[in-house]
Amino acid sequence: MLYTLGAGIRTLGAEVSSLASVPHLKDKLQSLEEQATEAAAMLRGSLRVLSAPPEQVALGVAVREDTRAFQERTDVTTRMITLTELPSLPASRVRVLSEATREALLNVEKHARAESVVVTVFAVEDGVAVAVADDGVGLPEESSRQAGLGLASISDRLARVGGTLTVSDSDDGGVSVQAWVPR
Ligand SMILES: Nc1ncnc2c1ncn2[C@@H]1O[C@H](COP(=O)(O)OP(=O)(O)O)[C@@H](O)[C@H]1O
Ligand SMILES: [Mg+2]
């Protein structure tokens, strides 16, 4: 149906383009055609997710849920990006990556005074990583830094499954927290 819609709009667009008086209509038709193409691509993506084994979608689903909950309780503009297809991971690793995501987002809420945060999930050659990058105030100076338990505890839990936690400055002047686990 989406294909037929797209093709129909395209044909109409070709007919309309011969009438010089209706450029406005032509633009609208083009935008409709683009939307039909985009809807078809989204549908394909959703069908792929539905047919993938549950372990493979578990991480994406967990991180999306963590991100959604954060978005709902704060005013911070939140985006989640899945950069690559994700390999299936043991449930314990999905759990610790999700815990890391939640702690990083909680820290954005408590400490960052950020306007926006981007959560990225991606496979790397030897594992899977989640990065949480905000555009807030950044980490305090080493001297005035409080020894919190959140990141230390996440780092321990990641280490238990062979993973690591990296905290660095983000490109936007805020903080970037990256949790990695081997696959
Ligand atoms: N996104 C962030 N923006 C600014 N500062 C941060 C951020 N995340 C962590 N911090 C700083 O690092 C400290 C340690 O964080 P954490 O270990 O989670 O402890 P807690 O959240 O309990 O203070 C925080 O107290 C805060 O000063
Ligand atoms: Mg914390």
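Whatever order the structure lists them in is the order used to number ligands and atoms, beginning at 1. Because the structure is predicted, anything quoted here is derived from the model rather than measured.
Excluding waters, the count of protein N/O/S atoms less than 2.8 Å from the Mg ion (ligand 2) comes to 2.
Look at Glu72 and Arg68 and you find a salt bridge, because one of the NZ, NE, NH1 or NH2 atoms lies within 4.0 Å of a carboxylate O, short of that distance.
For the ligand labelled ligand 1, residue Gly136 lies outside the 4.0 Å heavy-atom shell.
Atoms of ligand 1 lying under 4.0 Å from any heavy atom of Lys110, numbered from 1 in the order shown and given with element: 20 (P), 21 (O), 22 (O). Ligand-side atoms of ligand 1 in range of Gly138: 4 (C), 5 (N), range being under 4.0 angstrom from any heavy atom. The ligand atoms of ligand 1 that sit less than 4.0 angstrom from a heavy atom of Leu149 are 17 (O), 19 (O). If you number the atoms of ligand 1 from 1 as listed, the ones under 4.0 Å from a heavy atom of Ala112 come out as 1 (N), 3 (N).
Remark: minimum distance from atom 2 (C) of ligand 1 to any protein heavy atom is reached at Val175 CG2, 3.6 Å. Here the heavy atom of the protein found nearest to atom 13 (C) of ligand 1 is Gln146 O, 4.1 Å. With hydrogens left out, the protein atom closest to atom 24 (C) of ligand 1 is His111 NE2, 3.5 Å, a heavy atom. For atom 9 (C) of ligand 1, the closest heavy atom belonging to the protein is Asn107 ND2, 3.7 Å. Here the protein heavy atom with the shortest distance to atom 19 (O) of ligand 1 is Gly148 CA, 3.1 Å. Counting only heavy atoms of the protein, atom 12 (O) of ligand 1 lies nearest to Leu139 CD2, 4.0 Å. What sits closest to atom 1 (N) of ligand 1 on the protein, heavy atoms only, is Asp134 OD2, 2.9 Å. Here the protein heavy atom with the shortest distance to atom 27 (O) of ligand 1 is Pro140 CG, 3.4 Å.
Side-chain contact between Val175 and Asp169 is absent, with no heavy-atom pair separated by less than 4.5 Å. In this structure the side chain of Phe70 reaches within 4.5 angstrom of the side chain of Val108, judged on heavy atoms. Between Met80 and Val121, the closest side-chain pair of non-hydrogen atoms falls below 4.5 Å. Taking 4.5 Å as the limit, some side-chain heavy atom of Glu99 sits within range of a side-chain heavy atom of Ile154. Counting heavy atoms from C-beta outward, Pro87 and Val128 have side chains that approach closer than 4.5 Å.
For Leu97 against Ala179, the heavy-atom pair with the smallest separation is CD2-O, 3.7 Å.
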Q | Criterion side-chain contact (heavy atoms from CB on, under 4.5 Å) on Val181 and Val96, from CA distance to verdict | A | CA-CA 9 Å; Val181 296; Val96 71; 4.0 Å; yes
Q: Start with the C-alpha gap between Thr101 and Asp66, add the side-chain angles, then the distance that decides, and say whether side chain to side chain donor-acceptor pair (under 3.5 Å) holds.
A: CA-CA 7 Å; Thr101 307; Asp66 298 334; 4.6 Å; no
(Q) Using the rule given for side-chain contact (heavy atoms from CB on, under 4.5 Å), can you reason through Val118 versus Ile81, listing the C-alpha separation, both sets of side-chain angles and the distance that settles it, and then say yes or no? (A) CA-CA 7 Å; Val118 181; Ile81 303 171; 3.7 Å; yes
(Q) Please determine whether side-chain contact (heavy atoms from CB on, under 4.5 Å) holds for the pair Leu86 and Thr84, giving the CA-CA distance in whole Å, both sets of side-chain angles, and the decisive distance to 0.1 Å. (A) CA-CA 6 Å; Leu86 300 173; Thr84 58; 4.1 Å; yes
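Heavy atoms of other residues, nucleotides or ligands lying less than 6.0 angstrom from CZ of Arg183 number more than 12. Summarising the local packing, CG of Asp126 is surrounded by more than 12 heavy atoms from other residues, nucleotides or ligands at distances under 6.0 Å.
Considering backbone and side-chain atoms together, Leu151 places an N or O closer than 3.5 Å to an N or O of ligand 1.
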